[in-house]
Number of protein chains: 2
Amino acid sequence: MAKIATTVYEQIRTAILNGELSNSERLVEEDLAVSLGISRTPVREALRRLAAEGLVDVSPNRGARVAEWDVHDLREIFDLRSILESHACELATPRASAAEIEFLENICTEMEELARTDLSSETRLPALAAKNRIFHSKIIEMSNSTRLGLLIETLIHVPIVMQTYKVYSPDALARSLRHHREIVNAMKAGDEVWASSVMRAHVLAAREEILGQGQTE
Amino acid sequence: MAKIATTVYEQIRTAILNGELSNSERLVEEDLAVSLGISRTPVREALRRLAAEGLVDVSPNRGARVAEWDVHDLREIFDLRSILESHACELATPRASAAEIEFLENICTEMEELARTDLSSETRLPALAAKNRIFHSKIIEMSNSTRLGLLIETLIHVPIVMQTYKVYSPDALARSLRHHREIVNAMKAGDEVWASSVMRAHVLAAREEILGQGQTE
DNA sequence: ATGCCAATCTTTGTATACAAATAGAGAAAC
DNA sequence: GTTTCTCTATTTGTATACAAAGATTGGCAT
């Protein structure tokens, strides 16, 4: 059996990512420990790990709270993602196998089908968001750069917690899906400049959709 | 007084960065604890933090060793630094104050003076490396992007541990210093494209100096 | 002598106990 | 009523104790 600390780390982590813990909620070691039926030691270890990942903030002698982000954080994150994910595309393109391209195309198709379903469906947006994450993760994996993957991973969970996908307009969603298709086409053509440019545009478009334009600070 | 865990974290950290701990050396919690006159608990916390930072590797039930890197790691790191640090330049240029420009110019001058001193001096290279780090850190700080700084920081300590600066030829060193000057000039001119391009070239040149050219894998 | 297995010894993982620090409630002063 | 101060109650930080998992050494068989 895996270590308790790892298990509880994953539990708290997914709880935060699913938004089950309200923003800036205090995470008291003892409380978590008794509610999970374990001692404080592994809870403490889990919280420190989450802090290193940026999902919780800990102040000395004051304990941990689930982290909070503002518009400025989001702007920084999308800026960096636009750079790093486009670089991932650049690295992935010359390495892409036919099977990998097909995998990406299938996700595109699935997302397009999901987008055509009933707009009022509550599960539609989370499902799209999940597929979207798979699409991006796949390209990062294809880039074959461990560290690039790690860097992007630390950036990605903030938008997840904030559930930024909820603000997507139908137009923006359609554009996003066209971007995905275009990225795959560019990769299929072996054109890494094209692919990385579309990816950069894709992430920057998402930034503007979520943050609105203009605000400098 | 600061927390013991933080103190010991910093102690182990600087020990690793200074190369005082040999590569892949085991870090036994109990041993460290008694040698520092404390209990295992804060040592353990420090080691986990270092693991999150990538400076040590921990395997379940097997403990921690100081991390090890190979040529492939270095290649990834310099690739990413070339992108991220040039982005830092781009952000920093329109924000740069006269005082900050002057600060950077002073570092350039100090490094040039150091470079002119006796080649055989043992302390010359470490001193140059230290100034070099200050130069780069200053620009990152000027970029005013917390996260960008954090990302670069996790990349930077690997070359430090490996003491890559030791392989610099006199030619490479001279070029490196000219790059620094040119970066500052570009920033002074308010030309962020120029500045970021030189920075990118600067880091890529360092990569080739350290790794040699050609090897793809 | 060499390879393999078992017992032991070391080291990590978790629980508990205690000390130190902070937050919060309540009382006193204004 | 409001502010501030003190005392108490919570909560974190560290130490220690114990259990479980690995590493190691010695003996046994071949």
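Naming convention: chains lettered A, B, ... in sequence-line order (proteins, then strands); numbering from 1 in each chain.
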Respond yes when some side-chain nitrogen or oxygen of [X] is under 4.0 Å from OP1 or OP2 of [N], and no when none is.
X	N	value
A/Arg44	D/dT12	no
B/Arg48	C/dG13	yes
A/Ser39	C/dA15	yes
B/Arg40	D/dC18	no

Interatomic distance, [X] [atom1] vs [N] [atom2] [rounded to whole Å]:
X	N	atom1	atom2	result
A/Lys3	C/dT12	NZ	P	11 Å
B/Asn61	C/dT12	CG	P	10 Å
A/Glu30	C/dA17	CD	C1'	12 Å
B/Leu32	C/dT12	CG	C1'	13 Å
B/Ile38	C/dA19	CD1	P	19 Å
B/Arg65	D/dG22	CZ	P	15 Å
A/Glu29	D/dG13	CD	P	6 Å
A/Leu47	D/dG13	CG	P	10 Å

In terms of the nearest nucleotide of DNA chain D, which residue is placed more toward the 5' end: A/Asp31 or B/Arg26?
->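 The residue whose closest nucleotide sits nearer the 5' end is A/Asp31.
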5'-most by nearest nucleotide on DNA chain C - A/Pro60 or B/Ala64 =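 The residue mapped nearer the 5' terminus is B/Ala64.
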Describe, in one word, how the ring planes of B/His179 and B/His202 are oriented to each other, choosing from parallel (under 30°), tilted (30 to 60°) and perpendicular (over 60°).
->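 Because their plane-to-plane angle is over 60°, the rings of B/His179 and B/His202 count as perpendicular.
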Look at the side chain of A/Glu76 and the backbone N and O of B/Arg147, then say whether any donor-acceptor pair between them is shorter than 3.5 Å.
->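 Indeed, once roles are kept as given, a pair shorter than 3.5 Å links the two residues.
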Could you verify whether a donor N or O on one side chain and an acceptor N or O on the other, from A/Arg65 and A/Ser59, lie under 3.5 Å apart?
->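 Their side chains do not contain a donor-acceptor pair, so the 3.5 Å distance test is not met.
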Nearest-nucleotide pick for B/Ala5, side chain only, options being D/dT14, D/dT12, C/dT12 |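 Of D/dT14, D/dT12, C/dT12, D/dT14 is nearest to the side chain of B/Ala5.
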Heavy-atom neighbours of B/Lys131 NZ exceed 12 at 6.0 Å =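 For B/Lys131, atom NZ is not crowded (no more than 12 foreign heavy atoms under 6.0 Å).
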If you round to the nearest 0.5 Å, how far is CG of B/Asp70 from CE of B/Met162?
->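 Going from CE on B/Met162 over to CG on B/Asp70, the span is 7.5 Å.
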Establish whether the base of C/dG13 is bridged to the side chain of B/Arg62 by a donor-acceptor pair shorter than 3.5 Å.
->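 Donor-acceptor pair under 3.5 Å: no.
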